[in-house]
2 protein chains.
Amino acid sequence: MCGPALAVAVSRAGGLGFLGPNIKTQNTAADLAEALSLVESLRASSSAISPTTSYLPIGVGFQLWSDDLETAVSAIEKFKPCAVWLFAPAGGQKDLDTWSRRVRAASPGTQIWIQIGTLAEAKGLLSGVEKPDAVVVQGAEAGGHGRAKDGLGLIALLPEVADALAGSQIPLFAAGGIADGRGAAAALCLGASGVVMGTRFLAATEARISRGYQQEVVRASDGAVSTTRTLLYNHMRGTFGWPEEYSPRTIINQSFIEHQAGRPFEELKGLHDEALKAGDAGWGPEGRLATYAGAAIGLIHEVKDAGSVIRDVREQVLERFGVGEKEKL
Amino acid sequence: MCGPALAVAVSRAGGLGFLGPNIKTQNTAADLAEALSLVESLRASSSAISPTTSYLPIGVGFQLWSDDLETAVSAIEKFKPCAVWLFAPAGGQKDLDTWSRRVRAASPGTQIWIQIGTLAEAKGLLSGVEKPDAVVVQGAEAGGHGRAKDGLGLIALLPEVADALAGSQIPLFAAGGIADGRGAAAALCLGASGVVMGTRFLAATEARISRGYQQEVVRASDGAVSTTRTLLYNHMRGTFGWPEEYSPRTIINQSFIEHQAGRPFEELKGLHDEALKAGDAGWGPEGRLATYAGAAIGLIHEVKDAGSVIRDVREQVLERFGVGEKEKL
């Protein structure tokens with residue numbers, strides 16, 4: 001969902017934008033190359049991102065269970081994104097090792113970020129062959145794919161992971177349930193060096209999603225009851241094969257409600273496919289389309305540009321830590 | 001579990017200790033009066049708690065679905081605890097209203113704290129007849145009884161509740177998953193005026209629990225996989241009748257593992273009752289007894305006195321907010 005325009009806008013505002021794995025809709029080398037070429041051209045037209053290094057000022061996310069390693073390595077070697085984000089290996093730490101080695105060899109200056117959602121995965125990283133440059137700790141509140149059954153909220157997960165990785169000196173980034181400066185400041189207190197936001201950017205001007213989807217993110221509140229983790233929408237969309245450890249958090253709509261009531265999948269799938277043709281009306285409480293989003297949707301009340309999102313969060317964080325901290329930053 | 005000694009120790013260290021609802025084992029007026037008398041005598045012997053007001057320097061927790069209102073009101077009128085904590089009404093806001101009115105009438109200076117775990121309950125408070133003096137916002141990570149199905153982690157729940165109650169000016173206290181200064185500081189960032197800790201005090205010297213239980217709290221880690229919410233232990237202990245919105249988080253042991261594997265309840269109950277006789281050996285991974293605890297157990301590594309717990313948390317919080325904040329406090 002995060003395409004070149006959004007990723008570049010985030011980096012331009014002082015963040016680090018990542019192209020989402022979904023950018024590669026057909027998962028072909030051509031898709032990824034096209035997206036990265038677009039980043040290159042956007043970068044060239046941006047006065048705020050200085051082209052003084054040979055690395056692209058954005059990162060690229062990979063879903064290891066589905067992404068092709070050779071395709072990824074070729075693109076990384078050619079375009080040199082400043083970071084890659086590795087997530088959801090089918091083969092656990094072994095696959096993370098393979099990818100990390102290949103990325104390092106292809107582009108030694110590209111940072112390797114690895115996303116985890118459990119203490120066990122964090123401990124696994126300590127045995128990895130390549131030390132990652134950053135670890136993204138994803139709490140159970142996160143939208144989209146995360147741990148299906150063994151997730152935990154950031155307030156308890158993050159400090160325990162921080163303790164486990166304390167000796168490694170790897171910086172941690174907190175993800176999941178953070179949509180404003182309050183969550184960001186909290187994550188820093190819990191032991192993160194920075195934060196990651198996904199759902200908040202679904203309501204960014206630059207997000208490459210349907211207006212119906214975006215409006216639903218703005219409308220919805222009370223993530224505890226209005227979102228759930230389910231594979232239903234993946235399956236209606238024809239997405240199969242995620243490792244069983246993962247399932248996506250989505251805003252609940254008619255498809256899920258009727259699924260819970262026992263309506264057969266084939267009927268739901270048919271209605272889903274019709275709703276796809278309806279466009280924006282396919283989202284919302286009466287809609288039927290996948291609306292992946294995190295549990296902090298109740299904190300998102302408006303669409304704004306990515307730069308404003310980042311500036312607002314940064315200001316709120318600085319306010320919370322007082323002037324003394326501000327001078328240090 | 002929190003008896004007079006622990007409650008007084010917490011208040012002596014600058015916190016506010018609450019007698020747990022479980023203090024009233026038979027739920028009789030005699031039990032509660034005995035506990036409160038003990039608080040009075042402890043207070044008299046404490047140099048640190050000034051007896052300058054007529055209110056007892058501790059609070060008392062009530063489980064509304066099971067506690068007797070008349071018994072509670074008599075004790076409150078007689079002993080004047082500085083606060084009461086109302087939780088788990090069978091009849092929702094209506095019951096909170098009834099209790100609040102009666103407590104106010106019996107002891108106008110006693111603060112009314114109300115514990116919630118959902119946005120809907122927070123909004124319900126706005127229609128209450130008595131405005132509470134504090135709202136405890138309990139996240140899904142909490143140990144013991146909390147929301148069974150519609151809970152949410154504090155990082156997303158607390159700011160949304162804070163927004164909903166912003167106009168009311170009621171201070172919020174964060175509960176659930178907080179066991180050290182990192183979680184406490186995070187909660188303040190999220191919008192809390194203070195924090196509540198339960199599980200951390202299970203590992204306090206003054207806690208009135210078995211050593212086997214306490215050692216298990218110290219031993220256990222990785223709350224995402226080593227704890228769960230289940231009614232099994234309630235039922236083995238003969239506790240029935242909690243409103244269906246609630247279930248307790250507990251550390252997993254043999255009882256739950258075999259329950260999941262399909263072993264009949266009557267067998268589990270028999271083994272549980274035998275384990276009760278075994279004392280401390282009844283807890284631990286091979287044990288069978290209820291070990292209610294929160295998901296932040298992995299942050300608790302030692303038994304220490306309640307005063308040290310509070311001082312350590314306070315120092316950690318002040319460190320995080322820098323010297324500027326420290327001067328303000």
Side-chain angles (χ1 to χ4, degrees), chain A residues 117-120 122-123 139-142 147 149-164 174 176-192 221-227 294-299 301 316-317 320-328, chain B residues 117-120 122-123 139-142 147 149-164 174 176-192 221-227 294-299 301 316-317 320-328:
Chain A
T118 62
L119 184 66
K123 290 181 175 172
E141 297 88 357
R147 302 299 297 192
K149 290 180 182 161
D150 56 3
L152 182 62
L154 273 182
I155 203 151
L157 177 65
L158 188 52
E160 196 169 358
V161 166
D163 289 342
I178 301 171
D180 62 23
R182 293 175 288 187
L188 299 183
C189 292
L190 294 171
S221 66
D222 199 358
V225 293
S226 66
T227 72
I297 37 163
L299 306 178
H301 306 297
Q316 288 162 12
V317 169
R320 258 156 225 279
F321 289 114
V323 176
E325 283 296 306
K326 198 167 181 173
E327 283 161 4
K328 278 189 242 160
Chain B
T118 62
L119 184 66
K123 289 181 176 171
E141 297 88 356
R147 302 300 296 192
K149 289 181 182 159
D150 56 3
L152 183 62
L154 273 182
I155 203 151
L157 178 65
L158 188 53
E160 195 169 359
V161 166
D163 289 342
I178 300 171
D180 62 24
R182 292 174 290 186
L188 300 183
C189 291
L190 293 170
S221 65
D222 199 358
V225 295
S226 66
T227 73
I297 37 163
L299 306 178
H301 306 297
Q316 287 162 12
V317 169
R320 259 157 224 280
F321 289 115
V323 177
E325 283 297 305
K326 198 167 182 173
E327 282 160 4
K328 276 189 244 162

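Here is the naming used below: chain letters follow the sequence lines, and residue numbers restart at 1 for every chain.
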Checklist line | E141(A) (side chain) donor-acceptor with G177(A) (main chain) under 3.5 angstrom | finding: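 Judged by distance alone, no pair lies under 3.5 Å.
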Check: Under 3.5 Å, is there a donor-acceptor pair between the side chain of R320(A) and the main chain of C189(B)?
Finding: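 Yes.
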Any side-chain heavy-atom pair of [X] and [Y] under 4.5 Å:
{"X": "V317(B)", "Y": "L188(B)", "value": "yes"}
{"X": "D163(A)", "Y": "L299(B)", "value": "yes"}
{"X": "L154(A)", "Y": "I178(A)", "value": "yes"}

I'd like to know which of [options] tops the heavy-atom pair count under 4.5 Å against chain A.
{"options": "A186(B), G223(B), G153(B)", "answer": "A186(B)"}
{"options": "L190(B), V225(B), D150(B), L158(B)", "answer": "L190(B)"}
{"options": "D180(B), V161(B), I155(B)", "answer": "I155(B)"}
{"options": "G298(B), A187(B), A164(B), G294(B)", "answer": "G298(B)"}

Measure [X] against the heavy atoms of chain B and call it side chain, backbone, both or neither at under 4.5 Å.
{"X": "S221(A)", "answer": "both"}
{"X": "A295(A)", "answer": "both"}
{"X": "I297(A)", "answer": "neither"}
{"X": "E160(A)", "answer": "both"}

Next item on the list: Name the region of A185(B), side chain, backbone, both or neither, that has any atom closer than 4.5 Å to a heavy atom of chain A.
Entry: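 When you check distances to chain A, atoms from both the backbone and side chain of A185(B) fall under 4.5 Å.
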Notebook entry, point to check: Who wins among A156(A), A179(A), A184(A) for the most heavy-atom pairs under 4.5 Å with chain B?
Noted result: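 Greatest number of close heavy-atom pairs with chain B: A156(A).
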Check: Which heavy-atom pair separates P159(B) from R182(A) by the least distance, and what is that distance?
Finding: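 The answer is O-NH1, 3.4 Å.
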Next item on the list: For the pair K123(B) and D222(A), find out whether any cationic side-chain nitrogen is under 4.0 Å from an anionic carboxylate oxygen.
Entry: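 No, this pair does not count.
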